[in-house]
Amino acid sequence: MARTRIIIGGIRTAESAQWAVDAGADAVGFMFVRKSSRFIEPAEAAEVMQLLPPCVSSMAVLQNPSLEMFMDIEETCPTTHTLLAGNEPDQLVRQCEPVFKAVKFDTATIAKDLAHADGIDSIEAIVLDGLWHVGDTAFDWDTLAKIIADVRTPVILSGDLAPENVAPAVCAVRPYAVEVSAGVERTRGEKDHELIDAFCRAVQHADIAG
């Protein structure tokens with residue numbers, strides 16, 4: 001059975017990036033949405049990225065950028081992957097290829113939205129985002145597994161993931177990867193190294209459990 005890849009997003013320091021790598025992360029993400037508490041300047045992210053060891057990927061997160069902005073950031077900080085996390089039109093998605101594309105989870109539209117993204121060749125992975133828990137009600141991972149069963153594009157689970165809930169998601173859905181940011185923070189925008197360790201261990205144990 002394939003191993004679930006791990007992305008630690010919202011990285012802002014070289015120390016946190018190295019900690020994520022040591023814990024078992026396959027990739028680290030940089031937030032280039034200025035309004036976010038996890039925002040980092042592309043030039044600063046480039047300095048962190050240069051310290052990553054071989055075979056560890058990097059991901060830029062953009063939201064509704066212009067093509068010019070996308071190209072400028074690519075030049076300043078040429079990450080391995082780019083996630084378009086807004087409401088980007090299909091034309092821009094194709095112009096920025098290859099990209100990851102975020103799809104917001106909505107029970108009424110998720111099947112249609114996944115099918116649409118799955119049909120765009122420039123999308124190399126679909127990042128499924130949204131609220132996994134409403135109040136005390138756990139998310140129905142088994143139903144999601146059925147919904148994505150016919151999706152050809154690799155699916156990455158994101159959203160309200162954390163060390164305490166990622167294992168059931170991995171076991172039920174068997175996604176290509178999982179991405180976490182807020183779920184490994186105790187203070188908004190600041191990565192907690194113990195939580196990074198716990199998250200990576202939970203994913204690894206879920207893979208072993210099968």
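Reckoned from all heavy atoms, side chains included, excluding hydrogens, waters and symmetry mates.
- No single ILVMFWY cluster, assembled from side-chain heavy atoms under 4.5 Å apart, contains both Ile156 and Ile8.
- Asn165 places a side-chain N or O within 3.5 Å of a backbone atom of Asp160 that can act as its donor or acceptor partner.
- In this structure the side chain of Phe100 reaches within 4.5 angstrom of the side chain of Val127, judged on heavy atoms.
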Exercise. Would Arg186 and Glu194 satisfy salt bridge (Lys or Arg N to Asp or Glu O under 4.0 Å), going step by step from the backbone distance to the final call?
Worked result: CA-CA 10 Å; Arg186 299 187 197 276; Glu194 290 183 358; 3.8 Å; yes
Donor-acceptor pairs are to be reported for all side-chain atoms of residues 67-75 against protein atoms at under 3.5 Å, with residues two or more places apart or in another chain.
residue	atom	partner	partner atom	Å
Glu74	OE2	Thr82	OG1	3.4

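- Using a distance-only test at 3.5 Å, with no hydrogens or angles considered, no donor-acceptor pair links the side chain of Asp129 to the main chain of Val103.
- Both Val203 and Leu144 belong to a common hydrophobic cluster when Ile, Leu, Val, Met, Phe, Trp and Tyr are linked at side-chain heavy-atom distances under 4.5 angstrom.
- In this structure the side chain of Met59 never reaches within 4.5 angstrom of the side chain of Val28, judged on heavy atoms.
- Looking only at side-chain heavy atoms (C-beta outward), Gln63 and Pro65 stay at 4.5 Å or farther from each other.
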For this session: Mind running salt bridge (Lys or Arg N to Asp or Glu O under 4.0 Å) on Arg34 and Glu41 for me, showing each step along the way?
Result: CA-CA 8 Å; Arg34 193 167 291 275; Glu41 291 286 354; 3.3 Å; yes
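- With respect to Asp207, the salt bridge (Lys or Arg N to Asp or Glu O under 4.0 Å) criterion is satisfied by exactly one of Arg5, Arg174, Arg3: Arg174.
- Listed for the Lys191 side chain is no donor-acceptor partner under 3.5 Å among the backbone atoms of Trp19.
- Within the 4.5 Å cutoff, the side chain of His116 has heavy atoms near those of the Asp90 side chain.
- Cluster annotation: Val48 and Phe39 are assigned to distinct hydrophobic clusters (Ile/Leu/Val/Met/Phe/Trp/Tyr, side-chain heavy-atom contacts under 4.5 Å, transitive).
- In this structure, the side chains of Pro175 and Thr4 come closer than 4.5 Å at one or more pairs of heavy atoms.
- A heavy-atom distance below 4.5 Å is not found between the side chains of Asp26 and Ser57.
- Closest heavy-atom contact between Ala17 and Leu52: CB-CD2, 4.1 Å.
- Between the side chain of Ser181 and the main chain of Gly9, a donor-acceptor pair closer than 3.5 Å is present.
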For this session: I would like to know whether Gln95 and Gln91 meet side-chain contact (heavy atoms from CB on, under 4.5 Å); could you show each step before the answer?
Result: CA-CA 6 Å; Gln95 289 174 322; Gln91 180 181 2; 3.7 Å; yes
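- Taking 4.5 Å as the limit, some side-chain heavy atom of Glu185 sits within range of a side-chain heavy atom of Arg38.
- Under a 3.5 Å cut-off, the side chain of Ser122 and the backbone N or O of Val93 do form a donor-acceptor pair.
- For the pairing with Ile110, the side-chain contact (heavy atoms from CB on, under 4.5 Å) check across Thr107, Asp106, Leu114 returns one residue only, Leu114.
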Exercise. Between Val178 and Ile7, does a side-chain contact (heavy atoms from CB on, under 4.5 Å) hold up when you go through it step by step?
Worked result: CA-CA 6 Å; Val178 290; Ile7 305 169; over 6 Å; no
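- Phe32 pairs with exactly one of Ile40, Val61, Leu83 by the side-chain contact (heavy atoms from CB on, under 4.5 Å) rule, that one being Ile40.
- Taken together through direct or relayed side-chain contacts under 4.5 Å among Ile, Leu, Val, Met, Phe, Trp and Tyr, Tyr176 and Leu157 form parts of separate hydrophobic clusters.
- Ala202 and Pro163 get closest at one heavy-atom pair: CB-O, 3.7 Å.
- Between Val33 and Leu62 there is no side-chain heavy-atom pair separated by less than 4.5 Å.
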For this session: Assess whether side-chain contact (heavy atoms from CB on, under 4.5 Å) is satisfied between Lys101 and Glu124, documenting all intermediate values.
Result: CA-CA 8 Å; Lys101 183 68 185 78; Glu124 59 179 351; over 6 Å; no
